[in-house]
Participant: 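Provided herewith is a single structure, encoded as structure tokens, for subsequent inquiry.
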Amino acid sequence: MNVYRLKSIINSYEVIDLDIFEFAEIIGDEDLSLVRSQPRTNESLLNTWGTPSCSFSKEYKQAERYPDISFWGTYLLMSADAKRAMYELLNGFGEFLPIKVEGCEFYLFNCLTFGLEDKQLCILKYSEGIEDGLESLAFNSEDVQSKPVFKSKLQGSRTLFANEKFKQCYDSNNFSGLRFDTELLNIF
């Protein structure tokens with residue numbers, strides 16, 4: 001089973017104009033502690049969310065079409081159509097946070113799932129005797145075959161990975177906005 005690192009389309013922009021301070025205000029996080037820790041702790045945001053509003057970023061103000069699924073920070077921003085198509089697949093692995101963007105319905109998908117790494121195939125990298133990331137990353141295929149989108153504790157919780165089921169759903173719906181990279185440590 002293939003595992004992919006999810007990435008933004010090259011030379012793309014975030015679709016929504018929402019900064020981290022506005023996001024913190026929405027969830028009532030005055031000192032930004034939750035904003036900084038949430039991707040790592042997987043704390044749910046539903047109880048404090050509501051349905052906030054924001055604008056499209058200036059790059060999308062006049063756009064006729066928006067990406068179906070794109071990144072906003074560590075979250076996936078999904079159109080209403082993408083959320084409907086992906087709901088059955090993703091429900092139980094994260095939460096859909098509704099957001100109105102100039103009257104249009106979107107959702108931030110907050111991934112709350114970690115994939116289990118295959119420790120025998122993961123190699124730590126060292127620089128001058130100090131741990132400095134990974135040389136190789138692999139996941140336990142039995143574990144991640146049932147997790148359409150997940151994070152890695154070893155790689156860091158700000159990167160999203162996907163299994164073949166997610167990619168098939170994305171492709172079969174002709175969605176736009178993401179790249180799928182089989183080189184799991186490639187940041188570009």
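As a basis for the values below, the full set of heavy atoms in this structure was taken, side chains included, without hydrogen atoms, waters or symmetry mates.
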Participant: Leu178 and Ile9: which non-hydrogen atoms are nearest, and at how many Å?
Facilitator: O-CD1, 3.4 Å
Participant: For a quick check under 3.5 Å, do Ser37 and Glu43 share a side-chain donor-acceptor pair by atom type?
Facilitator: no
Participant: According to the interplanar angle, ranging from 0 to 90°, do the rings of Phe161 and Phe150 count as parallel (below 30°), tilted (30 to 60°) or perpendicular (above 60°)?
Facilitator: parallel
Participant: If we check side-chain contact (heavy atoms from CB on, under 4.5 Å) with Ser136, which of these qualifies: Leu124, Asp118, Ile123, Leu121?
Facilitator: Ile123
Participant: State yes or no: are the ring centers of Phe166 and Tyr4 separated by less than 6.0 Å?
Facilitator: no
Participant: Walk me through whether Lys83 and Leu76 qualify under side-chain contact (heavy atoms from CB on, under 4.5 Å).
Facilitator: CA-CA 10 Å; Lys83 186 247 185 180; Leu76 292 177; over 6 Å; no
Participant: Where do Ser172 and Cys169 come nearest, in terms of heavy atoms and distance?
Facilitator: OG-O, 3.2 Å
Participant: Kindly write out the residues that satisfy side chain to side chain donor-acceptor pair (under 3.5 Å) with Ser44, not counting sequence neighbours, or none if the list is empty.
Facilitator: Glu95
Participant: In sequence, state the C-alpha distance, the side-chain angles, and the governing distance for Tyr87 and Phe96, and then conclude on side-chain contact (heavy atoms from CB on, under 4.5 Å).
Facilitator: CA-CA 9 Å; Tyr87 185 81; Phe96 294 92; 3.5 Å; yes
Participant: Will you find, in the side chains of Asp31 and Ser33, an N or O donor that is under 3.5 Å from an N or O acceptor?
Facilitator: yes
Participant: For Glu25, look at atom CD and say whether over 12 heavy atoms of other residues, nucleotides or ligands are found less than 6.0 Å away.
Facilitator: no
Participant: Let me check something: do Tyr66 and Phe175 share a hydrophobic cluster, defined by ILVMFWY side-chain heavy atoms less than 4.5 Å apart, either directly or through other members?
Facilitator: no
Participant: Counting the benzene-type ring for Trp, do Phe93 and Phe109 have ring centres under 6.0 Å apart?
Facilitator: no
Participant: Apply side-chain contact (heavy atoms from CB on, under 4.5 Å) to residues Arg179 and Leu6 and explain how you reach the verdict.
Facilitator: CA-CA 6 Å; Arg179 291 185 297 144; Leu6 295 180; over 6 Å; no
Participant: Are any side-chain N or O atoms of Lys151 and backbone N or O atoms of Pro39, one a donor and one an acceptor, separated by less than 3.5 Å?
Facilitator: yes
Participant: Restricting to side chain to side chain donor-acceptor pair (under 3.5 Å), what partner residues turn up for Arg40, sequence neighbours left out?
Facilitator: none
Participant: In residues 126-135, what donor-acceptor pairs under 3.5 Å come from side-chain atoms, sequence neighbours left out?
Facilitator:
none

Participant: If you draw a 6.0 Å radius around CZ in Phe180, do more than 12 non-hydrogen atoms from other residues or ligands fall strictly inside?
Facilitator: yes
Participant: Are Asp181 and Asn186 linked by a side-chain donor-acceptor pair shorter than 3.5 Å?
Facilitator: yes
